[in-house]
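Working notes for the structure below.
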Amino acid sequence: MKISVMGTGYVGLVSGVCLADKGHDLICVDIDADKVAMINRGEPPIYEKGLEELLKRNVGSRLTASTDLATAVHNTEVSLISVGTPFNGEEIDLTYIEQVARQIGEVLKSKDAYHLVVVKSTVVPGTTDDVVLPILEKASGKKAGRDFGVGMNPEFLREGEAVGDFMDPDRIVMGGMDERSVATLGEVYAVFDGVDKVGTNNKTAEMVKYTANSLLATMISFSNEVANLCTAIGDIDVTEVMSGVHLDKRLSPILDDGSRIKPSFNTYLEAGCGFGGSCFPKDVKALIAHGARHGSPMRILDSAIAVNRDQPRRMVELIRQHYPDLKGLKVAVLGLAFKPGTDDMRESPALPIVTDLVAAGARVTAYDPIARHEAEKMLGTKGIKYCDSVEESIDGVDAIALVTRWPEFQGLPKLLEGREPAPLLVDGRRMLDKGSVSRYEGIGLRGVHA
Ligand code: UGA
């Protein structure tokens, strides 16, 4: 099929490149001419594992990039809208979606053939039918359902794993205003043989996306609240508690040979210093606000956000238990990105942790394998020395705060072996064995001896 994608951010570009690799003809549209030129040269403007290889394989043949939205709509059968929907604290900002919908509508005015317009950006339930569809009708002077179709197709891509998640999806949700819209989306995804597909209406498709992210975020906050109670009671290790919980057959089913399936879902049921990123915080807050507008308060989600807001500070409290006065204390912060495998700092727990440490007068040495540049932009350099290696960052420090689960931090016990005086290690991800270093603290552990 001939498909255009509006917006070449991480969702749009990954979707476009992967759909091209699956055999469709793609035009990726963006207003940023520099980005378009890069894509046409086979250089992805963002880093995602495997993306460059796939782009290079398809650019110039099945995929081209362009700033010309009108020609792209004229020459394709389906347009996917994947522009940003920033959250402004009260609601998601639909300015970009509305602009693109208007532009597509203008083009549909002079297009005779049926065209399907699909919202791929994350939008709160009702947006596609109540905002996008009327704009398309007004701008085109045509009737949705008769002259063109409108669909909603949320993405479930994890940053850093986006290409793999797109090419090997767990499900594909295809919303549509009518049967024809869903069926046309079905043609787009027919190349994904054997994948579970949900054909539904637009509002349900929108709701699936928010519910999926809200569930995962709630699981994290639930585990963190349990961890905090373990800390308050003392002599309980939350990791043992959660391991015991995970052994429920419903969370880790037992196979005929006696072995267990360990669903990766369970990693969201582990305690830590909180979730971040561009999706969980924003999506959960947007759903809370949407619930309030509909007179249906989202009390569990309110709490999920409240627990998460306070969770990073637990790291600083753990340091304070050993060093009540942080002034002049040397603290290494290991990991700045919101999760491993990315340089994304948005809503990273490292932000409040570093900010609080610096405000209390600590001397911070920070290290992240790839997020240094982003971190400098967001945190500045006052009171923070950015280091090029774990070794450099932990040299001579009093305490270490482990914030991001980068695999290389597994080597910390070895690096700290025999070091006198031994620094305090505060494990914000519970990734190291509590007996592996001489002075260990972790989330959800008070009073437990190694
Ligand atoms: C998340 C969802 O996992 C994707 O399914 C979804 O498509 C995406 O949002 C989106 O809406 O675009 P992502 O934000 O890339 O993907 O990251 P995750 O790997 O899910 O991690 C989110 C946050 O949860 C991170 O801060 C991470 O550190 C934290 N997390 C993750 C945990 O605390 N524990 C875990 O086991 C996993």
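What you see is a predicted model; the values in this text were computed from it and never measured. Ligands are counted one by one from 1 in listed order, and the atoms in each one are counted from 1 as well.
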With a 4.0 Å cut-off on heavy atoms, is G276 touching ligand 1? yes

Please could you name the atoms of ligand 1 that E159 approaches to less than 4.0 Å, counting only its heavy atoms? 15 (O)

Which atoms of ligand 1 have any heavy atom of R158 under 4.0 Å away? 3 (O), 4 (C), 15 (O), 16 (O)

Using a 4.0 Å heavy-atom cut-off, which part of N213 comes near ligand 1: side chain, backbone, both, or neither? side chain

The atoms of ligand 1 lying under 4.0 Å from a heavy atom of E155, numbered in the order shown, are 7 (O), 10 (C), 12 (O)

Ligand-side contact atoms (ligand 1) for residue partner R429, heavy atom cut-off under 4.0 Å: 33 (O)

Looking only at side-chain N and O atoms, does N201 offer a donor or acceptor that is under 3.5 Å from a partner on T204? yes

Which atoms of ligand 1 sit under 4.0 Å from any heavy atom of L157? 4 (C), 6 (C), 7 (O), 8 (C), 10 (C), 12 (O)

Is it the side chain (CB and beyond), the backbone, both or neither of K209 that lies under 4.0 Å from ligand 1, heavy atoms counted? side chain

Check for me whether D283 has a heavy atom closer than 4.0 Å to any atom of ligand 1. yes

Should you measure from each heavy atom of Y10, which atoms of ligand 1 turn up under 4.0 Å away? 12 (O)

Under a 3.5 Å threshold, yes or no: a donor from one side chain and an acceptor from the other, between D93 and N88? no

If we set the cut-off at 4.0 Å for heavy atoms, which region of Y210 has an atom near ligand 1: side chain, backbone, both, or neither? neither

Return yes when E270 approaches ligand 1 closer than 4.0 angstrom through a heavy atom, no otherwise. no

Please report, to 0.1 Å, the donor-acceptor pairs under 3.5 Å made by any side chain of residues 276-283, with sequence neighbours excluded.
residue: K282; atom: NZ; partner: T85; partner atom: O; Å: 3.0
residue: K282; atom: NZ; partner: T85; partner atom: OG1; Å: 3.3
residue: D283; atom: OD2; partner: N213; partner atom: ND2; Å: 2.8

Between K209 and F156, is NZ or CZ placed under 6.0 angstrom from the six-membered ring centre and within 45° of the ring axis? yes

Please determine if G277 has a nitrogen or oxygen closer than 3.5 Å to a nitrogen or oxygen of ligand 1. no

Taking only heavy atoms of T267, which atoms of ligand 1 are found under 4.0 Å from at least one of them? 34 (N), 35 (C), 36 (O)

In terms of side-chain heavy atoms, does E206 have a donor or acceptor partner in T128 at a distance below 3.5 Å? yes

